[in-house]
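I have placed the structure first, in the form of C-alpha cells, so that the comments after it can refer back to it.
Chain A is the first sequence line, chain B the second, and so forth, proteins listed ahead of strands; every chain is numbered from 1.
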Amino acid sequence: MENKKSLESDKANAEIPERKNFIREMIDEDLKTKKFAGKVHTRFPPEPNGYLHIGHAKSICLNFGLARDYHGLCNLRFDDTNPTKEEQEYVESIMRDVRWLGFDWEDRLFYASDYFDQLYEYAVQLIKKGKAYVCDLNADQIRDYRGTLTEPGKDSPYRMRTADENLNLFQRMRNGEFPNGSRTLRARIDMKSPNLNLRDPVMYRILFATHHRTGDKWCIYPMYDWAHGQSDSIERITHSICTLEFENHRRLYDWCLEELGIHHPQQIEFARLNITYTVMSKRKLLELVEEGHVKGWDDPRMPTISGLRRRGYTPESIRAFADRVGVARRENTSDALWLEECLRNDLNKRAPRVMAVLRPLKLVIENYPDGTVEELEGVNNPEEPAMGSRKLPFSKVLYIEQDDFREVPPKKYFRLSPGAEVRLRYAYIIKCVDVVKSAATGEVVELRCTYDPETKSGSTQSARKVKGTIHWVSAAHAINAEARLYDRLFSAEYPDRENWKDSINPSSLEVLRECKIEPSLAKATPQDRFQFERLGYFSLDDDSKEGALVFNRAVTLRDTWAKIEKS
RNA sequence: UGUCGGGUCGUCUAAUGGCAGGACAACGCCCUUUGGAGGCGUCUGUAGAGGUUCGAAUCCUCUCCCGACAGCCA
C-alpha cells in the first residue's frame with residue numbers, strides 16, 4: 001500500500017514547535033551577547049551500549065531541534081570510551097533510529113574514540129602543568145581515600161610525584177607495561193572538595209580490552225569526565241546539553257577545559273523524561289531483553305524507539321510527544337496516555353480506514369439472496385477525502401465482532417441484541433431475529449438476522465436512523481490474519497518506586513489468530529498502518545508472510561463505551 | 001549534620017515585580033452511518049510561615065518536602 005511513503009516522507013523540519021523553554025532562553029541570551037560568535041552547535045552523544053529509548057528521543061528532538069531552529073548544526077557522536085560494554089550492533093541501531101526519527105547529522109558522524117590520540121596529548125599537558133598524576137592505589141583504596149559525602153578525602157600517597165615521573169609512568173601505562181587496574185591517571189584537584197567529582201577524579205584506567213573501533217591499539221581508556229568535555233571542545237560545540245545527573249560534573253567539565261585553555265562549551269542540564277507504567281533505563285531494558293520478559297529490544301511493548309516503530313508509532317507522533325512534554329529542570333513523569341494520544345492524532349489524519357473483525361461471530365442475513373455479492377463503497381479516510389474510497393464485498397454470510405452482540409444488552413448499549421436493529425457500516429440496517437447456541441457449551445455461535453433492503457447506505461431512503469453502527473466483513477471474501485494486542489508492560493504506575501520487576505504485567509500481550517479482515521488488506525506491506533474501524537490503529541508486523549498477515553495493535557481508539565460500561 | 005539542584009491544576013508546562021494561562025486528563029452538552037473524529041462549555045494549582053512592595057508564583061529570611069552525587073560506568 002502506498003500509505004507508507006506519505007506517512008514518512010515529511011521530515012522533522014516540517015513542523016515548527018518553537019516552544020519556549022529555559023534552554024532557548026539561554027541561547028537567546030548567548031546570541032545577544034555574541035558569546036559563541038552567534039553560533040549554535042549541539043550534539044547528541046549516545047553511548048553505544050544499548051538501544052535508544054523514548055527518553056533519548058526527547059534529547060534527540062531537543063538537540064537537533066535547537067540546531068534546526070537556530071540555523072546551527074547538530075553532531076551525532078558516539079561516546080565510546082568503555083570497550084567492555086559497547087558494540088557495533090548498538091552503533092547501527094542508534095543511527096537507524098535517529099534517521100528514522102527524521103534527523104540528519106550529514107557528514108558530522110563522530111566517535112569519542114576518534115579523539116583518543118588528542119585526549120592523550122591533553123592529558124600529557126595536564127601532567128606537565130602538575131595538574132594530573134599517576135596513582136598506584138587500587139579501586140578499593142581510591143574509594144577509601146575519597147572520603148564520604150560528609151567527610152573530606154585524603155591525599156593519595158602518589159599525589160606529589162614529579163611531572164617527569166608521571167610522564168614516564170603514563171607513557172608506560174599506555175605501552176601496556178602494567179596490568180589491568182593497577183594504576184590510574186588522576187586529575188590533581190582537591191581531595192577536600194565538597195563536590196566528590198573534584199576529589200582527584202580518575203582520567204584514565206588500564207583496560208586490556210578490544211575496542212569496537214580502535215581494536216587493540218589502546219590499553220588505557222579515558223573516563224567520561226575526561227573524554228566528554230574535550231570531545232565537545234574539539235567539535236566546537238557551543239551548548240552541551242545533558243541530563244540532570246551530570247549537574248555535579250559541570251565543575252569538573254569546566255575545570256578540564258579551563259586548565260587546557262581550549263574552546264569551552266556551555267554545559268546545560270535538563271530533566272530526563274519519565275513515563276508512567278514503564279521503566280526508562282538502558283540497564284533495565286537490557287534486563288527485560290536478556291531475561292526474556294520481552295522478545296527483544298524491538299518488542300512492541302518496549303519504550304525503545306525500535307519497539308515503538310515496530311508497534312506502529314510514527315516519527316511525527318514521537319516528535320509531537322517530545323514537544324508536548326517540554327523541557328525543564330524539574331523532575332517529571334509524563335502520562336503514558338500522551339504518547340498514545342499523539343499517535344492517534346497523527347494517524348487519525350493519515351491512516352486508511354479498514355474493516356477488520358478481531359473476534360469473529362458468524363451472522364447470516366436470512367432474507368438476503370444466496371450467492372449474491374454486492375460491491376459497497378467504503379470511504380478510506382473521512383478526515384481526508386483525497387484518500388478516496390474502495391469497494392467492499394457484501395454477501396449473505398458475514399462476521400461481526402463478538403463484542404457487538406449482547407444477548408442481554410445493558411443500558412445504553414447501542415449494538416446488536418435479540419430483536420434490536422443496527423446499521424452495518426456502509427451497508428444495510430439489520431435486525432437480529434434469532435440466536436444460535438452451541439449445544440455443548442451454550443455459547444452464542446451464530447446470529448440470524450434480516451435486513452431492510454430500503455436502507456442501503458447512500459440510497460435516498462437511507463435516512464432512517466438507528467442508534468448503532470457496527471463493522472463487518474463478508475465471510476466468503478475475508479482473509480485470515482493474526483492480531484497482537486498489547487497492553488502496558490508494567491501494571492504499576494511508577495514501577496521504579498518498588499521492586500520494578502514485580503509489576504511486570506503478565507498479560508501484556510494477547511494474540512488473536514482467527515481475525516477476519518477485508519480483502520483489500522492482502523497487499524499490505526510491513527510497517528503499513530491502518531485504522532481498523534472502531535477498534536484502533538494497527539500496523540503490519542515484520543513477522544508477516546504472504547497469506548499470513550500479522551498486525552500489531554499500536555493503540556486503541558478512544559473507547560467511550562468502555563468508560564460508560566465501567567462506571 | 002556535605003555539595004548541587006528542584007517544588008505552580010491529577011499530569012506536563014507558561015507567566016522573568018502587574019489579570020496564575022495553555023495542553024492532556026476528568027466532567028457536561030452538541031454533532032456523528034466509526035460510542036472514532038470534531039465543536040461548545042465546566043472544574044481543578046503557586047509546599048508552609050514571615051518580610052520587602054501600591055502590587056509577589058516571581059525578590060529576601062526561615063521551615064518542610066523531593067532528587068542527584070561516595071564506579072577504574074556513562
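A distance of about 12 Å separates the C1' atoms of B:U11 and B:G45, rounded to the whole Å. Rounded to the nearest Å, the gap between the C1' atom of B:A47 and that of B:C43 is 22 Å. A gap of 15 Å separates the P atoms of B:G55 and B:A20, to the nearest Å. When the C1' atom is used for both B:G21 and B:U61, the distance is 30 Å, rounded to whole Å. If you take atom C1' in B:A14 and the same atom in B:C24, they sit 15 Å apart, rounded to whole Å. Nucleotides B:C69 and B:C27, compared at atom P, are 39 Å apart to the nearest Å. Nucleotides B:U42 and B:C66 place their C1' atoms 33 Å apart, quoted to the nearest Å. Nucleotides B:G41 and B:G50 have their C1' atoms positioned 41 Å apart, rounded to a whole Å.
Using a 4.0 Å heavy-atom criterion, one finds that A:Tyr413 contacts the bases of the nucleic acid, with or without backbone contacts as well. Using a 4.0 Å heavy-atom criterion, one finds that A:Pro46 contacts no nucleic acid atom at all. Nucleic acid contact class of A:Gln531 (heavy atoms, under 4.0 Å, all strands): base. Within 4.0 Å (heavy atoms only), A:Thr333 reaches sugar-phosphate atoms of the nucleic acid but no base atom. Using a 4.0 Å heavy-atom criterion, one finds that A:His228 contacts no nucleic acid atom at all. Residue A:Tyr221 is out of contact with every strand shown, counting any heavy-atom pair closer than 4.0 Å. Counting any heavy atom pair closer than 4.0 Å across all strands shown, A:Thr560 reaches sugar-phosphate atoms only and no base atom. Counting non-hydrogen atoms under 4.0 angstrom, A:Ile275 reaches nothing in the nucleic acid. Across all strands, A:Glu47 comes closer than 4.0 Å only to sugar-phosphate atoms, never to a base (heavy-atom distances). As judged by a 4.0 angstrom heavy-atom cut-off over every strand, A:Leu244 is placed among residues making no nucleic acid contact. Nucleic acid contact class of A:Arg425 (heavy atoms, under 4.0 Å, all strands): base. Looking at heavy-atom distances under 4.0 Å, A:Glu533 makes contact with a base. Among the protein residues, A:Glu151 comes within range of no part of the nucleic acid, since none of its heavy atoms lies under 4.0 Å from any strand. Contact annotation for A:Tyr204: no contact, since no heavy-atom pair falls under 4.0 Å across all strands.
A residue-by-residue look at A:Asn332 and A:Ala427 shows that A:Asn332 has its nearest nucleotide of RNA chain B further toward the 5' end. When each of A:Gly147 and A:Leu424 is assigned the nucleotide of RNA chain B bearing its nearest heavy atom, the one mapping closer to the 5' terminus is A:Leu424.
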Could you walk me through whether A:Phe246 and A:Tyr224 pass the ring-ring contact (aromatic ring centres under 6.0 Å, His included) test, one step at a time?
-> CA-CA 11 Å; A:Phe246 293 101; A:Tyr224 165 86; 4.9 Å; yes
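Across residues 186-198 of chain A, A:Pro194, A:Leu196 each have a non-hydrogen atom less than 4.0 Å from an atom of RNA chain B (numbered order).
What separates CG of A:Asp232 from P of B:A74 is a distance of 15 Å, to the nearest Å. Straight-line distance from the CZ atom of A:Arg283 to the P atom of B:C73: 16 Å, rounded to whole Å. The distance from atom CZ of A:Arg251 to atom P of B:C4 is 7 Å, rounded to the nearest whole Å. Residue A:Arg415 contributes atom CZ, which lies 12 Å from atom C1' of B:G36 at whole-angstrom precision. In this structure, A:Asp559 atom CG and B:A25 atom C1' are separated by 16 Å, rounded to whole Å. Taking atom CH2 of residue A:Trp561 and atom C1' of nucleotide B:U34, one finds them 16 Å apart after rounding to whole Å. Distance, A:Leu252 CG to B:G71 P: 15 Å, rounded to whole Å. Taking atom CG of residue A:Asn274 and atom C1' of nucleotide B:C66, one finds them 13 Å apart after rounding to whole Å.
The side chain of A:Arg324 contributes no N or O atom lying less than 4.0 Å from OP1 or OP2 of B:A25. OP1 or OP2 of B:A57 has not a single side-chain nitrogen or oxygen of A:Arg330 nearer than 4.0 Å. Distances shown here put every side-chain N or O of A:Arg199 at or beyond 4.0 Å from the OP1 or OP2 atom of B:A70. Listed pair A:Arg205 / B:C73 meets the phosphate criterion, a side-chain N or O lying under 4.0 Å from OP1 or OP2. The shortest distance between the side-chain N/O atoms of A:Arg344 and the OP1/OP2 oxygens of B:G36 is not below 4.0 Å. Checking the phosphate oxygens (OP1, OP2) of B:A26, a side-chain nitrogen or oxygen of A:Lys563 falls inside 4.0 Å. Between A:Asn180 and the phosphate of B:C72, there is no side-chain N or O to OP1/OP2 separation shorter than 4.0 Å.
Ring geometry for A:Trp472 versus A:Phe394: interplanar angle over 60°, hence perpendicular rather than tilted (30 to 60°). Using a 30° and 60° split on the angle between ring planes, A:Tyr120 and A:Trp218 fall in the tilted class, from 30° to 60°. In this pair, A:Phe44 and A:His56 present their aromatic rings perpendicular. The plane angle is above 60°, beyond the 30 to 60° band.
With salt bridges taken as basic N to acidic carboxylate O contacts below 4.0 Å, one links A:Asp140 and A:Arg143. Salt bridge status for A:Lys391 with A:Glu375: absent, with no side-chain N to carboxylate O gap under 4.0 Å. A:Lys154 has no carboxylate O lying under 4.0 Å from a charged side-chain N of A:Asp144, or vice versa, which leaves the two without a salt bridge. Contact check on A:Arg415 versus A:Glu565 returns no salt bridge, with no Lys/Arg side-chain nitrogen under 4.0 Å from an Asp/Glu carboxylate oxygen. Under 4.0 Å is where a charged nitrogen must lie from a carboxylate oxygen, and between A:Lys284 and A:Glu287 no such pair does.
Contact of the A:Lys282 side chain with the A:Glu47 side chain is registered, since non-hydrogen atoms from C-beta on lie closer than 4.5 Å.
Taking 3.5 Å as the limit, the base of B:G67 and the side chain of A:Glu247 contain no donor-acceptor pair of atoms between them. Judged by distance alone with a 3.5 Å cut-off, a donor-acceptor contact links the side chain of A:Arg423 to the base of B:U33. The base of B:A74 lies close enough to the side chain of A:His249 for a donor and an acceptor atom to sit less than 3.5 Å apart. Between the base of B:U34 and the side chain of A:Thr469 there is no donor-acceptor pair shorter than 3.5 Å. Counting distance only, with no hydrogens placed and no angle test, the side-chain atoms of A:Asn248 and the base atoms of B:A68 include a donor-acceptor pair under 3.5 Å.
B:C72 is unpaired under the criterion used here, namely a Watson-Crick or G-U wobble arrangement in which both key atom distances are under 3.5 Å. Across every strand in view, B:G28 sits in a pair with B:C40 that passes the Watson-Crick or G-U test at under 3.5 angstrom. Remark: B:C64 base-pairs with B:G7; criterion is Watson-Crick or G-U wobble with both hydrogen-bond distances under 3.5 Å. Shown here, B:G21 forms a base pair with B:U13; the pair counts as Watson-Crick or G-U wobble because both key distances fall under 3.5 Å. B:A57 is unpaired under the Watson-Crick or G-U wobble criterion, no partner having all donor-acceptor distances under 3.5 Å.
Within a 6.0 Å radius of NZ in A:Lys467, no more than 12 heavy atoms belonging to other residues, nucleotides or ligands are found.
Judged by distance alone, the side chains of A:Tyr494 and A:Asn274 never bring a donor and an acceptor atom under 3.5 Å apart.
Syn is the conformation of B:G71, whose glycosidic angle sits no further than 90° from 0.
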